[in-house]
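Every chain is numbered from 1, with letters handed out A, B, ... down the list of sequences. Side chains included, hydrogens not; waters and symmetry mates left out as well; all remaining heavy atoms used.
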Protein chains: 2
Amino acid sequence: MESEIKNSFKSVVGAEYVKDSKAQLFAYSYDATANFQALPDLVLSPKNTEEVQEIVKICDKEQIPIVPRGSGTNLAAGTVPTKGGIVLLFNNMNKILELDKENLTVTVQPGVITQDLSIYVEQNGLFYPPDPSSMKISTIGGNVSENSGGLRGLKYGVTKDYVKALTLVTPDGGIVKLGGKLAKDVAGYDLMSLLIGGEGTLGIITEITLKLIPLPAVKKTGIAYFNSLEDAAKTVSAIISNRIIPVTLEFMDKGTIGAVEDFMKIGLPREAEAMLLMEQDGNKEQVDEDIRQMIAIAEEMGATSAILAASEKEAASLKAGRRVALSALSRKRPTTILEDATVPRSEIAKMVRAIQDIALKYDVEISTFGHAGDGNLHPTCLTDIRDREEMDRVERALDEIFHIAIELGGTITGEHGVGEMKAPYLEWKLGASGMNLMRSIKQSIDPKNIMNPGKIFAKETKKRLVIHNGQ
Amino acid sequence: MESEIKNSFKSVVGAEYVKDSKAQLFAYSYDATANFQALPDLVLSPKNTEEVQEIVKICDKEQIPIVPRGSGTNLAAGTVPTKGGIVLLFNNMNKILELDKENLTVTVQPGVITQDLSIYVEQNGLFYPPDPSSMKISTIGGNVSENSGGLRGLKYGVTKDYVKALTLVTPDGGIVKLGGKLAKDVAGYDLMSLLIGGEGTLGIITEITLKLIPLPAVKKTGIAYFNSLEDAAKTVSAIISNRIIPVTLEFMDKGTIGAVEDFMKIGLPREAEAMLLMEQDGNKEQVDEDIRQMIAIAEEMGATSAILAASEKEAASLKAGRRVALSALSRKRPTTILEDATVPRSEIAKMVRAIQDIALKYDVEISTFGHAGDGNLHPTCLTDIRDREEMDRVERALDEIFHIAIELGGTITGEHGVGEMKAPYLEWKLGASGMNLMRSIKQSIDPKNIMNPGKIFAKETKKRLVIHNGQ
């Protein structure tokens, strides 16, 4: 990047909010995704919407790529500066601006940490349900750009369900305010939903108003262990068919249970093939009744053990166990690839079984955990990127997992996004017509392709493997 | 339309499913909106997605406008064939295709009547919450295209919150399947949300999968009357601030109460300035507690009377009274114009008071009812389109209502859509940048502008009135 252009960025944000040393650029060359890396030209920390606007205007004029980045917890290389250019940080835009108790909304800057927001509103008796596993460090801006899910998605939905208003800097440097503190708004196309999960490819979000709901009075946790995957999956289906919608219904397979136990030493039974963590919230009578029924259903479906957590503390430690599943697994091998295949919940048993078969077939190590009630599974491959031959097998295994997810009516990503990593697979899900629709939207809003280029849209779609019956 | 082209449409759907007599074309020249009318060239009733695709291909080739239409209950002239061409009916695509009890979804063709679907799923212990006032005759396809709301929106959201998958025929005759029976899906842009509320301007929806939830066990209804609008509005705010989210929180002003009482004779007190209908559903303990609290809050805020409906029957008759508000009002004058201004719920009192002042100022008759918990108000103007001078005053009054709604952080339409009627006002809400974004999306997906042309995008934006303080 020419120093003249660099200087114009510096004059917008102030020299102290520009990073351009080699070490600094390196630090923003990757995110939480293995095997993807590219150096940015400059890292900027604007302080308000107007500074973002000025930055975007320069990028528009000079055709410089711009990559918005929260805490870089992205698992699909969505925040890697694939084509260089600007990495835009929100560490100077991290304020909670307003809690509106009458309209039940909170307005924040994009850099607010998810968990900080969550704790803040709970202290006011209110509840922001989306809880991505990375919520301790992830930002709300990142959550909105990725439409993040979390453990409570089954009952409460995902980030999209809570965004009421956005301020957007468009790729040509305009400012648009979308939505409002409104329960209903049908004034034209739903541009907000397009931006939520838009992965920063359509503009830069600079302010966010979120819907809150009353904090549930009571929460209880049950736990069930199974000798077979199928029994656990049948339990999930039976709970929902019995018209219980628990707040969480989390699944861990044997490999994950063992890894978590190694890490946390909380007394999980290593011999179990599967465990389900079943949580309900609401008023006391409903919670008691739902947990009682869920435990009874688990027993009926063949659980080797199904019990209520004895205390808040035990419940918290079980939930913490589930939340650290990824960290626990990632200790075992040099490289962790966390996947995000999602299927209709009726297909969970088939999907988990298929993952296990695929791991055997390609001789790779894959453990699976995830949000069973959502059908949102996280097959996690433990490997070593330095071993090319193994990585080739890993890649073929993952291809086959995506393939089967789609065959079962599922999708290639439930909550992590497409980014650069999944882009070659997107057409498998959407078909050529769907890709054309998305491309024409991108082209119409960001004709110069400066907004997070190289994400969502791959140069080439991967060839689909031919899957033979019974494999 | 040339007879050769007519014949090609006839050969797609079969001559018996084509309407082209003068009387038939006249019947589809208007919808539920006063003062908008245009004759179509042909009315077609296809039987499946493939026939829709063939029709769209002809329209694409010949540049013929195509207007999808459910039951024509649209209140913003969204289903008037403004530019002629084809009116597409779904009376042959009105089947419930599948109820999936494991994944809690129902898959339907667009022509299914909303209430028929609602009753069907409730017979299976499940619940489809969106309940537009027109649900007895409106279709699911229409609800999706308009993102319809209803009385239960406060607690359960709107149509958008329940759409899981769509089959779309694109303007160039492609078929795209979007979404799936999935709780989470972030594979690329949220095209579904763009189509929901897209008012038929981006393609034709031919199949819809909806999310269902368990049917709540118990439902109870409370009713409160007030001597002042402000007391009713304060009650609404206090209920929500006390962290109660009722399933309905409906408002009627004095004019509406009188009209409903004339029509229904259910014993509503004509002298009341306002009434609130407060309904809660859920499990018994929660419902009892919430209703008790809501009644106590209403009393505290100065209700002249606040009671629990004595019986299911009384509750049903009160709800029926609210549902017929529009019909009851429309008996009073030759022309009824139902508006749809929506504000943050904290601004309801200001908005209702402003509407009353505006009615006085322009000497027009406006009664207001609506979804108070949502801030979604329906100021309803009773007039006579044959009286040009009065209609001019009506129009100026409505302009001012939209203006104030936006000033209060609201929107020009909460649940009715933009259609042709509101198109000149849309820029008031979105600004020039917002309009540009929407136009570029429309242009990129429907470059020939054959999909319901003349809707959402007006040739010219209305000039905003200058509002003086205190008016």
With sequence neighbours excluded, residues passing side chain to side chain donor-acceptor pair (under 3.5 Å) with B:Ser346: A:Asn103
Residue by residue, which of residues 157-166 of chain A have a heavy atom closer than 4.5 Å to a heavy atom belonging to chain B? A:Val158, A:Lys160, A:Asp161
Contact leader toward chain B among A:Lys101, A:Lys181, A:Gln286, where contacts are heavy-atom pairs under 4.5 Å: A:Gln286
Between B:Asn147 and A:Asp190, is there a side-chain heavy-atom distance shorter than 4.5 Å? no
Choice from B:Gly409, B:Pro214, B:Ala183, B:Gly282 maximising heavy atom contacts with chain A below 4.5 Å: B:Pro214
Region of A:Thr170 that comes under 4.5 Å of a non-hydrogen atom in chain B: side chain
Within the side chain of A:Lys184, is there an N or O that forms a donor-acceptor pair under 3.5 Å with the backbone of B:His371? no
Less than 4.5 Å to any heavy atom of chain A: does that hold for the side chain of B:Leu182, its backbone, both, or neither? side chain
Applying salt bridge (Lys or Arg N to Asp or Glu O under 4.0 Å), can you list everything that pairs with A:Asp446, at least two apart in sequence or on another chain? A:Lys442
Do A:Leu168 and B:Leu437 have side chains that get closer than 4.5 Å, going by heavy atoms? yes
Chain B contact via A:Leu426 - which portion, at a heavy-atom distance below 4.5 Å: side chain
Side chain proximity check, A:Val186 to B:Thr411, heavy atoms < 4.5 angstrom: no
Most contact-rich option vs chain A, by heavy-atom pairs under 4.5 angstrom, among B:Gly431, B:Ser237, B:Gly197, B:Gly174, is B:Ser237
Which one, B:Pro344, B:Gly198, B:Ala76, leads in non-hydrogen pairs under 4.5 Å with chain A? B:Pro344
Please examine the side chains of B:Arg243 and A:Leu126, heavy atoms only from C-beta on, and report whether any two atoms are closer than 4.5 Å. yes
Which residues pass the ring-ring contact (aromatic ring centres under 6.0 Å, His included) test with B:Tyr189, sequence neighbours left out? A:Phe457
Cut-off 4.5 Å, heavy atoms of chain B, and the answer for A:Asp374 is both
Name the region of A:Asn124, side chain, backbone, both or neither, that has any atom closer than 4.5 Å to a heavy atom of chain B. backbone
Who among A:Leu202, A:Val343, A:Leu215, A:Ile245 has the most heavy-atom pairs with chain B under 4.5 Å? A:Leu202
Could you look at A:Glu347 and say if it's the side chain, the backbone, both or neither that has a heavy atom under 4.5 Å from chain B? neither
Portion of B:Val236 that has a non-hydrogen atom of chain A nearer than 4.5 angstrom: neither
Non-hydrogen atoms of chain A under 4.5 Å away: do they reach the side chain of B:Asp185, the backbone, both or neither? both
Turns out that what part of B:Ile456 lies under 4.5 Å from chain A's heavy atoms comes down to side chain
Where does B:Thr201 contact chain A at under 4.5 Å (heavy atoms): side chain, backbone, both or neither? both
Proximity breakdown for B:Gln443 and chain A, heavy-atom pairs closer than 4.5 Å: neither
So does B:Ala187 get a backbone contact from the side chain of A:Lys422, meaning a donor-acceptor N/O pair under 3.5 Å? no
